[in-house]
Amino acid sequence: MSPGKRAQAGPANDSGTASEQVRRTIDSALGQNVTGDFLPSDLYGTAIDMVFRAARQPMALGRATLDFWTDIARIATGTAEKREPEQGDRRFSDKAYTENLFYAGLLQGYLAWRSALKGFADVALNEKERFLLDQLVEAGAPTNSLFGNPAALRAAVESGGASLVRGARNLAGDIAKLRPIPSQVDDSAFRVGENLAVSPGSVVLRTEMFELIQYRAQTEKVHERPIVIVPSIVNKFYIFDIAPGRSIIEHYIRSGHTVFMLAWRNPQKLHDRWGMGEYQDAIDTAIGTASAITGSNDVNLWAVCGAGPVAVSLAGYYAARKTRRINSLLLVVSPLDTKAMAQAPSLSAFAEPRNEMARKVVRKVSRNKRISANEFTLLFAMLRPNDLIWNYWVSNYLMGTTPAAFDVLYWNGDGTGMTAQFNHDFSAFVDANPFLEDGAMEVRGTAIAPVSQLDIDSYVLGAANDHLCVWQSVYRSARLLGERSQFVLGNSGHIQTIVSPPGNPRASFFTNENKPESAEEWLTTAEKHAGSWWDHGVAWTSARAGKMVGAPQAEGNAEFPPLCAAPGTYVHERG
């Protein structure tokens with residue numbers, strides 16, 4: 001599909017138009033919005049360790065082998081107790097796995113093999129080794145091969161082999177593009193700056209780390225105080241400007257706000273010195289530039305996901321220095337209490353035991369390495385291999401199907417990496433959890449003010465179905481920010497709550513003037529509102545955005561002239 005053709009609009013949230021496959025992919029794939037400290041390459045040595053560990057425990061290995069072959073003999077003689085796939089496992093839903101003798105036996109054999117390996121892993125392997133073995137077990141599912149997948153085999157026969165030709169073409173294309181996993185989206189349907197990220201504006205500042213975009217006014221008058229948005233450090237910014245009619249930037253601009261956006265550069269190896277301090281300095285520079293262009297002494301700041309702690313620590317520095325550069329803070333799906341984030345009850349399958357094991361692996365490996373965008377993609381795919389790897393392996397290569405054209409999935413695949421220094425600094429932040437103790441965090445050598453004493457209003461947005469920053473941990477952020485903080489809960493997922501334009505009949509959000517200690521108690525006494533939170537957020541921001549003044553005739557000023565049109569140049573950098 002060319003960019004000029006109509007692509008299917010994401011984010012496949014409550015519209016009812018998305019296939020179940022795309023829904024599950026969006027729910028699972030958005031893991032890149034959470035920073036991590038794991039490189040898939042760290043498992044290479046784990047394979048060798050696993051082999052040696054197995055050799056040192058012959059009794060456990062022998063028992064697993066005996067159990068497997070005993071089960072195979074029982075299956076062959078029809079005396080085995082029938083095993084069932086895990087609840088929710090859609091791979092074996094084809095009737096052939098119950099009605100065809102060969103496929104029924106193949107399934108039972110696979111489940112017996114899986115059970116034997118799991119039993120061995122539980123008694124003989126450490127967490128990293130079990131994680132690796134889990135990857136191998138899922139890769140070995142019969143559905144991942146042509147002759148083990150009855151649906152793929154039927155498609156090949158019925159199409160006269162055309163499905164296999166298409167599949168080979170899809171595989172060759174992914175190899176040519178050096179994709180770490182099978183493609184999840186038809187990326188030929190999208191072009192950033194053509195049908196994604198198309199709100200008009202200009203880059204008014206370019207530094208080594210970021211470009212600052214000022215969006216063009218679309219009203220005769222605007223509020224005097226601008227909005228500065230700090231997107232997630234490991235995602236491209238244009239989820240906030242995904243497409244006309246679904247762009248929250250567009251919505252705020254048309255409501256009379258001047259909006260500036262930091263567009264982070266995709267860091268390469270030469271940028272590995274960028275740490276938390278450098279990102280704090282970058283936000284400070286963006287705030288100063290927006291203030292200089294608009295003539296406002298302060299700004300209304302947004303901070304998203306992993307950028308939240310960076311922005312809040314900078315706000316704490318301002319408060320400690322008695323400097324007022326931030327007037328209000330809108331915090332989007334961003335936990336500040338890392339202990340609460342770890343303890344919050346998860347609403348997703350990430351809470352399953354096998355995925356909790358994976359999370360422990362992620363936390364325990366080296367924290368001093370850079371993580372590229374491709375490594376992020378592979379990392380979070382390995383946390384959900386069936387949904388994010390083998391599902392598309394079967395669909396793209398065995399069935400020869402072209403992935404769906406959903407803009408949010410395209411955005412999700414267009415991530416940015418993390419520098420080694422920021423990986424180190426953020427991991428140290430997570431371990432120290434410094435916002436809970438006064439004076440525990442310093443910025444530029446100054447102990448920041450307690451986050452409950454920033455002297456600013458804050459609007460904290462959570463997402464009820466967020467699999468990554470679960471809403472209970474985001475609610476804790478609102479409590480940490482004190483009496484002047486308001487918590488708002490959207491009814492959708494991590495990204496679907498952000499991309500939630502008015503008019504969606506399934507959208508809703510909750511508000512509550514009180515903030516009791518328990519998040520569940522907050523929800524029990526909260527008021528439910530039909531529709532999107534966007535207009536509620538606009539009203540909250542407008543009340544803190546100052547008087548209306550004449551809209552600027554152009555972006556920038558003499559000191560910061562326009563350098564190029566939005567969405568800029570850094571947004572196109574990959575790798």
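Just so you know, these numbers use all the heavy atoms, side chains as well, and skip hydrogens, waters and symmetry mates.
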For Arg265, what residues pass the side-chain hydrogen bond (donor to acceptor under 3.5 Å, both in side chains) criterion, not counting sequence neighbours? Glu573
Who are the side-chain hydrogen bond (donor to acceptor under 3.5 Å, both in side chains) partners of Tyr459, not counting sequence neighbours? His536
Using a 3.5 Å distance criterion without hydrogens, assess whether the side chain of [X] forms a donor-acceptor pair with backbone atoms of [Y].
X	Y	result
Thr416	Ile233	yes
Arg324	Asp455	yes
Gln184	Pro403	no
Ser93	Arg90	yes
Ser255	His251	yes
Ser291	Ser296	yes
Asn514	Pro516	no
Thr285	Asp281	yes
Asn300	Leu329	no
Asn235	Asn412	no

Check this for me, if you would: do Glu138 and Arg384 make a salt bridge, where the nitrogen-to-carboxylate-oxygen distance has to be below 4.0 angstrom? no
[atom2] on [Y] to [atom1] on [X], rounded to 0.5 Å:
X	Y	atom1	atom2	value
Met276	His424	CE	NE2	12.5 Å
Phe237	Trp411	CZ	CH2	12.0 Å
Leu454	Ser328	CG	OG	12.0 Å
Leu481	Leu331	CG	CG	6.5 Å

What class does the angle between the rings of Tyr279 and Phe422 fall in, given that below 30° is parallel, 30 to 60° is tilted and above 60° is perpendicular? perpendicular
Parallel, tilted or perpendicular: which fits the ring planes of Phe429 and Phe426, with parallel below 30° and perpendicular above 60°? tilted
Using side chain to side chain contact (heavy atoms under 4.5 Å, CB included) as the criterion, point out the one residue from Val204, Leu205, Thr258 that pairs with Ile293. Val204
Considering non-hydrogen atoms only, spot the tightest contact between Ser485 and Val460 and give its length. OG-CG2, 3.6 Å
Minimum-distance pair of heavy atoms, taken over all atoms of Cys305 and Pro309: O-CD, 3.7 Å
Around Asn297, counting heavy atoms of other residues, nucleotides and ligands shown, do more than 12 lie under 6.0 Å from its CG? no
Determine whether Ser188 and Asp186 satisfy the following criterion, side chain to side chain donor-acceptor pair (under 3.5 Å), listing intermediate values before the conclusion. CA-CA 5 Å; Ser188 67; Asp186 178 11; 2.6 Å; yes
Name every donor-acceptor pair, under 3.5 Å, that has one atom in a side chain of residues 221-230 and the other anywhere in the protein, sequence neighbours excluded.
unit_1, atom_1, unit_2, atom_2, d
His223, ND1, Gly546, O, 3.0
Glu224, OE2, Lys547, N, 3.3
Arg225, NE, Asp298, OD1, 2.6
Arg225, NH1, Arg544, O, 2.8
Arg225, NH2, Asp298, OD1, 3.3

Do Phe260 and Trp302 make the cut of ring centroids closer than 6.0 angstrom? no
In this structure, is the centre-to-centre distance between the rings of Phe487 and Trp522 below 6.0 Å? yes
Would you kindly say whether Asn512 and Thr525 are connected by a side-chain donor-acceptor distance under 3.5 Å? yes
